[in-house]
Amino acid sequence: MFEDSSFKEDVFKKFGSFRDTIGVLEKQYNIAPTLNIAIYTNTKVYTYSHFGLIPSWASAGSSMQINARSESVYEKSSFKEAYRQRRCLVPLNGYFEWVKDPVSKKSQAHFIVSTSGDYFVFAGIYESWYDNKLKKTILTCAVLTTEPNNTIAELHNRMPVILESDKWDLWLNNRSDFRELNTLFIPINSDKIRYFRVGEAVNSVKNRGEECIKEVTETVPRQGTLF
DNA sequence: CCAGACGTTGTT
DNA sequence: GTCTGG
DNA sequence: CCAGACGTTGTT
DNA sequence: GTCTGG
């Protein structure tokens with residue numbers, strides 16, 4: 001996430017004024033689990049949130065989950081309450097998938113973006129959790145997943161639930177019918193999404209800059225044959 | 001009743 | 001916190 | 001997700 | 001191999 005101004009404009013147009021605790025977004029090209037990710041909550045707050053949902057009852061952060069399967073989110077104890085009461089939008093300019101080469105065991109990262117050049121909004125859930133180390137309550141969140149469309153199936157067997165703006169209100173509204181929410185849990189159309197290979201920078205959380213989404217076209221150097 | 005689990009993805 | 005299993 | 005660590009007692 | 005940290 002590195003450019004959130006059009007998302008904020010779109011949220012304002014759709015829902016009116018909201019509380020913005022972020023202000024000027026810190027550009028982030030590699031949001032690993034545990035790092036801060038921007039979310040827009042069903043309580044009209046735009047805020048950073050710890051990427052990786054920790055149930056309120058969990059004593060340590062070890063039970064953190066970055067994804068929740070949309071097929072079962074309504075029944076899992078870790079997600080149930082968040083799903084019922086704390087849904088959010090997760091705006092992102094793109095996301096990554098890694099494909100592991102079975103021979104070299106190396107992971108090739110891909111950056112996935114919208115074909116329209118627009119940002120994505122993922123369906124998210126969030127939770128408050130008291131951090132004993134920081135001695136304060138933090139927000140944590142997870143992204144819902146579904147089966148992949150044809151484009152993403154080339155990379156992976158799951159993909160995030162992506163919401164177009166006409167679905168935002170249904171997702172966030174506390175009065176929404178749960179049967180209707182289920183209609184959102186489908187992959188976005190294949191032609192609305194594309195991807196390209198990126199370099200190794202994104203593989204390390206130390207790298208958080210623009211180099212993480214730089215396209216690489218050359219193929220991975222072939223491994224030398226032994227003997 | 002109490003104890004124990006509570007999750008996903010990817011890989012095998 | 002809440003559900004499941006015993 | 002990937003990268004990087006992974007340990008204690010005793011001695012200095 | 002498996003866990004932790006980011």
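Chain letters run A, B, ... following the sequence lines, proteins first, then strands; residues in each count from 1. Just so it is clear, the model here is predicted, and its values are computed rather than measured. Keep in mind that the numbers below use all heavy atoms, side chains included, and drop hydrogens, waters and symmetry copies.
If you find the closest nucleotide of DNA chain B to A:M159 and to A:K105, the one lying nearer the 5' end belongs to A:M159.
Using a 4.0 Å cutoff on non-hydrogen atoms, no part of residues 136-144 of chain A comes near DNA chain B.
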Atom pairs, protein N/O to nucleotides 3-6 of chain E N/O, distance under 3.5 Å:
{"unit_1": "E:dG6", "atom_1": "O3'", "unit_2": "A:R208", "atom_2": "NH2", "d": "2.4"}
{"unit_1": "E:dG6", "atom_1": "N9", "unit_2": "A:T34", "atom_2": "OG1", "d": "3.4"}
{"unit_1": "E:dG6", "atom_1": "N7", "unit_2": "A:P33", "atom_2": "O", "d": "3.3"}
{"unit_1": "E:dG6", "atom_1": "N7", "unit_2": "A:T34", "atom_2": "OG1", "d": "3.1"}

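Within the 4.5 Å cutoff, the side chain of A:M64 has heavy atoms near those of the A:T34 side chain.
For the C1' atoms, the distance linking D:dT9 with B:dC2 amounts to 41 Å, nearest Å.
Ring orientation note: the planes of A:F7 and A:Y46 are tilted relative to one another, at an angle of 30° to 60°. In this pair, A:Y83 and A:F178 present their aromatic rings tilted. The plane angle is within the 30 to 60° band.
Nearest heavy atoms, A:L184 versus A:L170: CD2-CD2, 3.8 Å.
The CD-P distance, from A:Q65 to D:dC1, rounds to 11 Å in whole Å. For A:I66 and D:dC1, the CD1 to C1' distance is 6 Å, given to the nearest whole Å.
Checking E:dC3 for Watson-Crick or G-U wobble geometry (two distances, each under 3.5 Å) identifies D:dG4 as its partner.
With B:dT8, D:dA3, C:dG1 as the choices, the nucleotide that has an atom nearest any side-chain atom of A:S204 turns out to be D:dA3. In the set D:dC2, B:dT8, B:dG7, B:dG7 carries the atom at the smallest distance from any side-chain atom of A:S78.
Aromatic ring centres of A:Y29 and A:F2 lie closer together than 6.0 Å.
Ring-base stacking between A:W98 and D:dC2 is not satisfied when judged by a centre separation under 5.5 Å and a plane angle under 30°.
The ring-ring contact (aromatic ring centres under 6.0 Å, His included) test applied to A:Y48 returns no partner, not counting sequence neighbours.
A:N157 comes within 4.0 angstrom of the backbone, heavy atoms only, and of no base.
Remark: of the listed residues A:E154, A:R197, A:E215, A:R197 is the sole one forming a side chain to side chain contact (heavy atoms under 4.5 Å, CB included) with A:H110.
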